[in-house]
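When reading the values below, keep in mind they use all heavy atoms of this one structure, side chains included, and skip hydrogens, waters and symmetry mates. Not measured: the values here are computed from a predicted model.
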Amino acid sequence: MKQDFKEELNNVLMQSTDAAKEGMDIAASQKENVKMVLDKVMAQKNGSHLFSQDMKVPPVYSAYQQKLYELQHTLRTIYREMDEKFYDYRQDLSSFTITVFGKTTVGKSTLMETLIHGKGDSIGKGAQRTTRDVRRYVWDENHIEFVDVPGICAAKSGGLEDSKKAFDAVRTADLVLFLITDDGPQEEEAAALAKIRSMGKPVICILNVKACGADNDFSFKLRLHSIEKRMTHTNDFSDIKKQFYAYAPKYGDDWSDIPFVYADLHMAWLSEQPEYQIYSQTLYQLSRFETVTDTILREICQHGILYQFRTPIDIICHTLRQVDAEMRGQIQASSQLMVELNRSYSQLQQSRKEYQRYQDNRIQRFLTGVADDLKSRASVFVEDHYEDEKAGARWEQVV
């Protein structure tokens, strides 16, 4: 790295730390507002108090009660996760944090091993779920923290847990490196990138050119020739970018602002290994790894201060989006409940009217019958008791 560029980077990193503290202060105040809103939701009653113990609670109310319980549990979980992420970020304000993200076997650990000049202990041998935990590394030359996360889209058992760990790590990242390969972009990867973008995270997309080297049985010079030939196929890499970024409209986004670079990460790592020392410079140049590091550092120098200012605020904003989604779901469920209640109420009103007409008719028939009977009995009574002095009392008995 050129000296003037390094001085610029160091200056930006120092200013970024101050910006992160400012962002943290703003986020802390908003965090209290989030808690206040959630406390109000938690205080909501479930509605079962509308019914006495002797009354059977209608199924529609039981369903609403269960939904409310589930909402309150979900919101508690969302707040707890936000609180944990907020605490984690507060403990590491002095570091600019970059999360390395991508599907399993995409080359994340290879990238990390190259940056830290490692021996390759963490690099997978083609197997899925090589990285199962979140691992942190420091890029010594620049004192930047990298976070290597489990790969997404793993077919093996535990893949869902790995994906959750990966996305959790993204929440406290200042910048995300999203790795894909020249196997061709997959829709699952596009969905993951869309989710990261929805968190407000800045992204650099790195295409790991994995199909470079010829078979190991060939001479190394032949392998170098194969690598050199493959790396000149820049149109292929541009097409992969176009294919991948074409998914953006499906998620209501535009990814044209995402920097895109390509490199052979395995060749870059080999260039640092003692057994390939004689080819070290050639391998490194062919790998184009320098474009990766330059792009990362340029992004930090241009936007690092803003990125670190935004990260703690984004933690709160992401929580608010989650709360909003859950509340919208509850409103929709409640709206469906109201439709069902209105339908039930209309049916009840119609039944009441029909019952009222039925009862009115029965009462009318009964009264008419009683009146007719009294008239008939009155005629007979008059004839039988015309001269009876106690006729009034006797009639009362008849009635």
Side-chain angles (χ1 to χ4, degrees), residues 1-3 5-6 9-10 95-102 104-127 130-131 133-151 175-182 204-232 237 259-300:
M1 185 190 305
K2 295 180 180 179
Q3 185 62 30
F5 188 34
K6 187 171 184 178
L9 177 65
N10 290 335
S95 297
F96 189 94
T97 304
I98 300 176
T99 295
V100 184
F101 194 97
T104 184
T105 72
V106 77
K108 301 183 304 298
S109 297
T110 305
L111 171 63
M112 297 308 311
E113 290 284 342
T114 305
L115 287 171
I116 66 173
H117 310 298
K119 297 180 180 180
D121 296 335
S122 67
I123 298 176
K125 309 302 179 185
T130 302
T131 302
D133 295 306
V134 175
R135 297 188 290 207
R136 297 179 179 272
Y137 304 88
V138 176
W139 192 6
D140 291 335
E141 290 93 333
N142 308 296
H143 306 290
I144 295 171
E145 184 176 73
F146 279 83
V147 180
D148 186 13
V149 301
L175 177 64
V176 177
L177 304 184
F178 195 99
L179 270 66
I180 61 174
T181 71
D182 54 347
I204 295 175
C205 187
I206 299 175
L207 172 63
N208 183 14
V209 184
K210 300 179 71 173
C212 277
D215 190 279
N216 289 338
D217 292 338
F218 288 91
S219 69
F220 196 76
K221 288 186 177 181
L222 184 58
R223 291 173 65 189
L224 286 178
H225 177 72
S226 175
I227 296 167
E228 184 176 12
K229 183 178 179 180
R230 175 57 174 156
M231 295 302 282
T232 60
F237 308 143
F260 183 93
V261 293
Y262 64 92
D264 183 334
L265 300 180
H266 184 65
M267 290 301 111
W269 176 74
L270 285 181
S271 72
E272 298 180 347
Q273 305 313 301
E275 58 268 37
Y276 294 100
Q277 186 175 4
I278 189 174
Y279 300 107
S280 177
Q281 186 174 357
T282 301
L283 285 171
Y284 188 78
Q285 290 176 348
L286 288 177
S287 73
R288 298 190 80 257
F289 191 72
E290 189 173 8
T291 62
V292 174
T293 57
D294 283 353
T295 302
I296 294 171
L297 296 176
R298 189 180 304 111
E299 190 74 9
I300 294 174

K.L.:
Would you give the length of the straight line joining atom CD1 of Ile206 to atom CZ of Phe260, rounded to the nearest 0.5 angstrom?
P.N.:
10.0 Å
K.L.:
If you compare all heavy atoms of Thr110 against all heavy atoms of Thr114, which two are closest, and at what distance to 0.1 Å?
P.N.:
O-OG1, 2.8 Å
K.L.:
Measure from the side-chain N and O atoms of Asp264 to the backbone N and O of Arg288, and report whether any donor-acceptor pair falls under 3.5 Å.
P.N.:
no
K.L.:
Using the rule given for side chain to side chain contact (heavy atoms under 4.5 Å, CB included), can you reason through Tyr137 versus Leu115, listing the C-alpha separation, both sets of side-chain angles and the distance that settles it, and then say yes or no?
P.N.:
CA-CA 9 Å; Tyr137 304 88; Leu115 287 171; over 6 Å; no
K.L.:
Please say whether more than 12 non-hydrogen atoms of neighbouring residues, nucleotides or ligands are located less than 6.0 Å from CD in Gln281.
P.N.:
no
K.L.:
Below 4.5 Å, heavy atoms only, C-beta onward: do Leu283 and Leu224 meet side chain to side chain?
P.N.:
yes
K.L.:
Determine whether Arg135 and Asp148 satisfy the following criterion, salt bridge (Lys or Arg N to Asp or Glu O under 4.0 Å), listing intermediate values before the conclusion.
P.N.:
CA-CA 5 Å; Arg135 297 188 290 207; Asp148 186 13; 3.8 Å; yes
K.L.:
Would you say that Tyr262 contacts Thr291 through its side chain, given a criterion of any heavy-atom pair below 4.5 Å between the two side chains?
P.N.:
no
K.L.:
Please report the shortest heavy-atom distance between Thr295 and Val261, naming the atom on each side.
P.N.:
OG1-CG1, 3.2 Å
K.L.:
Evaluate the side-chain proximity of Thr99 to Val134: yes if any heavy-atom separation is below 4.5 Å, no if none is.
P.N.:
no
K.L.:
Met267 versus Leu270: any side-chain heavy-atom pair under 4.5 Å?
P.N.:
yes
K.L.:
Considering non-hydrogen atoms only, spot the tightest contact between Pro259 and Glu299 and give its length.
P.N.:
CG-OE1, 3.8 Å
K.L.:
With side chains defined as the heavy atoms from C-beta onward, is the minimum distance between Leu177 and Phe146 less than 4.5 Å?
P.N.:
yes
K.L.:
To the nearest 0.5 Å, tell me how far Arg298 CZ sits from Thr293 OG1.
P.N.:
9.5 Å
K.L.:
Do the non-hydrogen side-chain atoms of Gln273 and Tyr279 ever get within less than 4.5 Å of each other?
P.N.:
no
K.L.:
Heavy atoms, side chains only, cut-off 4.5 Å: are Leu297 and Trp139 in contact?
P.N.:
yes
K.L.:
Please report the closest heavy-atom contact between Leu111 and Leu179, naming both atoms and the distance.
P.N.:
CD2-CD1, 4.1 Å
K.L.:
Minimum heavy-atom separation for Phe101 to Lys108, with atom names?
P.N.:
C-CD, 3.6 Å
K.L.:
Taking all non-hydrogen atoms of both residues, which atom of Ser271 and which atom of Ser280 are closest, and how far apart?
P.N.:
O-OG, 2.6 Å
K.L.:
For Ile144 and Ile296, what are the C-alpha separation, side-chain angles and deciding distance, and is it a side chain to side chain contact (heavy atoms under 4.5 Å, CB included)?
P.N.:
CA-CA 11 Å; Ile144 295 171; Ile296 294 171; 5.5 Å; no
